[in-house]
Trainee: 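Once you've had a glance at the structure underneath, I'll fire off some questions.
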Amino acid sequence: MRNGIAVIDFGGQYAHLIANRIRRLRVYSEIFPPDVDPAALQGVSGMIFSGGPSSVYDPDPPAFNPGLLGTDLPVLGLCYGHQLLCMHLGGEVVAGEVREYGSARLNIAGGTDLFAGLGDSQVVWMSHGDVVATLPEGFEILGATEDCPSAAVGDAQRRIYGLQFHPEVAHTPRGLDILDNFLTICDAPRTWTMGNYAEVVMEEMREKVGDRNVFLLVSGGVDSSVAFVLFNRALGADRVLGLHIDNGFMRKGETAAVEVFLKEEGFDNLMVKDASDDFLLGVEGLVDPEAKREAIGHTFLEVKDEVMSHLHLDADQWVLGQGTLYPDTIESGGTEHAALIKTHHNRIDLIDELIAQGKVVEPLAQLYKDEVRELGSALGLPDHLVWRHPFPGPGLAVRCLCSDGETDGRDIASSERAAAEIASEAGLQLQVLPVKSVGVQGDFRTYSHPAIVSGFDLDTPDSDWRVLEDMSTRITNSVPGVNRVVCLIAPDVLPGLRPKRAFLTYQRLEVLREADAIAMRILDRAGLMPAVSQMPTVLVPLTTDGQDEVVILRPITTPDFMTARFAELPHDLVRDMADEILNLPGVAAVGYDITHKPPGTVEWE
Ligand code: XMP
């Protein structure tokens, strides 16, 4: 490997993000599996051990080459990586008394180069259960949080450090400075730039595609648009065909807007196909989020095959181009030790088969959203496209929850008592909802219950989102079975909500489409589009009268979508959105998601 930082990947959701951060600091970085031979790392300046979904006491942990701790290279272990290196060097790891997810305050012991310039304390992002209880010889405590006395440890002599928190995520605000300090400790050369990335990647694309052509599904989002432009530039428009499929899960007016935009940009090699009936048929009667995703992914490929055969395109002469980003792969459990969080539509089994046959080319697969945007700008795409809010491939289908109408009441009563007690300290009432949504905690997927609180007075100027944030974090950290908290906005009083039998139907999608259009219009008019990274609107099959359902607003801020904070929108704006949405036929109540990621994901599924 060229001189830089080797990231040892234990399967953590953020392992690759570490490499992204290191590249941002202008140091080359590459990812290696934990059983790599240290000889392969000759010439590197240092190593970072990533987090991972395992516990060091798991019967079947990722195979680790202990020789990696026998070199005299500096090492920084993060989360699982920190626990693993402490254990291998003679320390002890135990199950922590409190699971910690989300923000915590790190009190810094002082005097360590790793925290140079960071003062006495910092906000850090935690996501773990186990903790280091006994330090290896030569190690000292460099920082502690209230719940984790060994949050930062190290042996300055050997230049080996361990952090229980995640400096690589954006929600450790000074995390980049910590990584920067580690690079200084490693004396790593700062020479890497992203400037020539487009050239390098286009060369790779030409090589992979060979003398074949490329068929690309173009949703119109930034990823597929940047990929489309790259393929056109790399191969020439006559060897590239784009297909925009209207799957019926698009936003109001989206397909027409995409068609106009790409034509305006001069792309004539784009076809549009309305296949909404096929997609609705594919998801008929489904409730489970993964089953929905699987069905949608399959329909995409069926429609693609149908169009290709209609155009008499020889399947051996056409490869599939995709705008897959790195997070799509990692969340689909697609790196060796990663847990499945969700199957992205571009990562279903059939695509994996095509990949194995060398029939898929993904020029953006190493990148994160921020890097794709940088690349898009470098390619000359206009800001309004490059800075669009992302929209998932399965679209509104992952924002329209389904239910067979049964109350899955297990554990709800005891969870509700515990959560309600926490809410009551903030003067709020709480109900645990009899539906489930997807979340992510400690590198694992969760599928459990949201809770809704009511009594928060949005119209009082001194009411503060912070009260809700603290409460939400306490509930999801300490109440088993609750992975999300929502604040009721309208009406004022929490109605008793019960589940409703509801699937993905045209009628429900229309309600959601209208609600989404209202929320986006109000956000746009307030000029707040750029301040918010994404704002899903979610339809939840909970009802008071057997008909009308609950709509949830889910605005978030995040630079990379791997972690996120719920956005704190101005109260009057939220009130306007909620009042207008509540007026729609089919809507019983409007709530506001006050959960960070983790423990909630952006989408509810
Ligand atoms: P989650 O829900 O995993 O979302 O926190 C993170 C980001 O990924 C988007 N997302 C998808 N994008 N295909 C996509 O192209 C998908 O299947 C998919 N699922 C989630 C989501 O909208 C958010 O921006």
Side-chain angles (χ1 to χ4, degrees), residues 13-14 17 127 169-171 216-228 244-245 247 249-251 254 279 283 289-301 322-334 338-348 351 362 364-365 367-370 372-373 387-401 437-441 443-447 450 483-484 516 520 532-538 552 554-567 593 595-605:
Q13 292 293 312
Y14 313 132
L17 196 55
S127 183
V169 305
H171 297 300
L216 186 83
L217 298 183
V218 184
S219 69
V222 54
D223 310 341
S224 60
S225 301
V226 169
F228 189 52
H244 174 85
I245 299 176
N247 52 18
F249 308 134
M250 305 303 276
R251 289 200 150 126
E254 175 80 1
F279 279 86
V283 292
E290 278 295 297
K292 278 164 42 182
R293 281 180 169 273
E294 197 74 20
I296 292 165
H298 280 247
T299 311
F300 266 120
L301 286 186
Q322 294 206 116
T324 315
L325 303 192
Y326 188 77
D328 305 353
T329 314
I330 180 86
E331 293 200 335
S332 303
L340 173 79
I341 306 294
K342 60 184 51 181
T343 310
H344 280 238
H345 69 291
N346 44 18
R347 268 289 167 272
I348 59 167
I351 299 264
E362 300 181 313
L364 312 177
L367 303 184
Y368 284 80
K369 190 67 89 187
D370 55 346
V372 172
R373 288 188 160 139
W387 289 102
R388 280 190 92 178
H389 285 186
F391 189 65
L396 297 180
V398 293
R399 299 176 178 176
C400 191
L401 266 66
S437 83
V438 173
V440 57
Q441 276 173 307
D443 280 319
F444 279 106
R445 176 186 204 270
T446 60
Y447 187 44
N483 64 353
R484 231 179 244 284
D516 173 70
M520 295 307 279
V532 169
S533 310
Q534 195 177 11
M535 187 169 70
T537 302
V538 187
I552 310 287
R554 171 70 170 141
I556 53 132
T557 58
T558 171
D560 52 42
F561 299 89
M562 294 298 286
T563 60
R565 299 183 67 86
F566 76 84
D593 194 335
T595 322
H596 298 318
K597 171 184 179 177
T601 42
V602 177
E603 308 291 351
W604 279 49
E605 314 268 328

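Just so it is clear, the model here is predicted, and its values are computed rather than measured. All ligand and atom numbering here is 1-based and tracks the order in the structure.
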Trainee: Does a side-chain heavy-atom distance below 4.5 Å link Phe300 with Phe279?
Mentor: yes
Trainee: Salt bridge or not for Glu603 and Arg399, using N-O below 4.0 Å?
Mentor: yes
Trainee: Please say whether Val602 places an N or O atom under 3.5 Å from an N or O atom belonging to ligand 1.
Mentor: yes
Trainee: State whether Asp516 and Arg251 are salt-bridged, where the test is any N-O pair (Lys NZ or Arg NE/NH1/NH2 against Asp/Glu carboxylate O) under 4.0 Å.
Mentor: yes
Trainee: Given Glu603, Arg399, Arg293, identify the one with the heavy atom nearest to atom 21 (C) of ligand 1.
Mentor: Glu603
Trainee: Is there a donor-acceptor pair under 3.5 Å between the side chain of His389 and the backbone N or O of Pro536?
Mentor: no
Trainee: Do Arg388 and Phe391 meet the cation-pi criteria used here (NZ or CZ under 6.0 Å from the six-membered ring centre, within 45° of the axis)?
Mentor: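 No; the conditions do not both hold, so Arg388 does not lie above the ring face of Phe391.
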Trainee: List ligand 1 atoms under 4.0 Å from Thr601, heavy atoms only on the residue side.
Mentor: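 So the answer, numbered in order with elements, is 1 (P), 2 (O), 5 (O).
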Trainee: Which of the numbered atoms in ligand 1 are under 4.0 angstrom from any heavy atom belonging to Lys597?
Mentor: 1 (P), 3 (O), 5 (O), 6 (C)
Trainee: Do we see a donor-acceptor contact under 3.5 Å between the side chains of Arg484 and Ser437?
Mentor: yes
Trainee: Given Gly297, Gly600, Pro392, identify the one with the heavy atom nearest to atom 10 (N) of ligand 1.
Mentor: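 Residue with the shortest heavy-atom distance to the ligand atom: Pro392.
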Trainee: Below 4.0 Å from any atom of ligand 1, is there a heavy atom belonging to Met562?
Mentor: no
Trainee: Side chain or backbone, does Glu605 bring an N or O within less than 3.5 Å of an N or O on ligand 1?
Mentor: no
Trainee: Record the part of Pro394 in heavy-atom contact with ligand 1 below 4.0 Å; permitted values are side chain, backbone, both and neither.
Mentor: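 The side chain, only.
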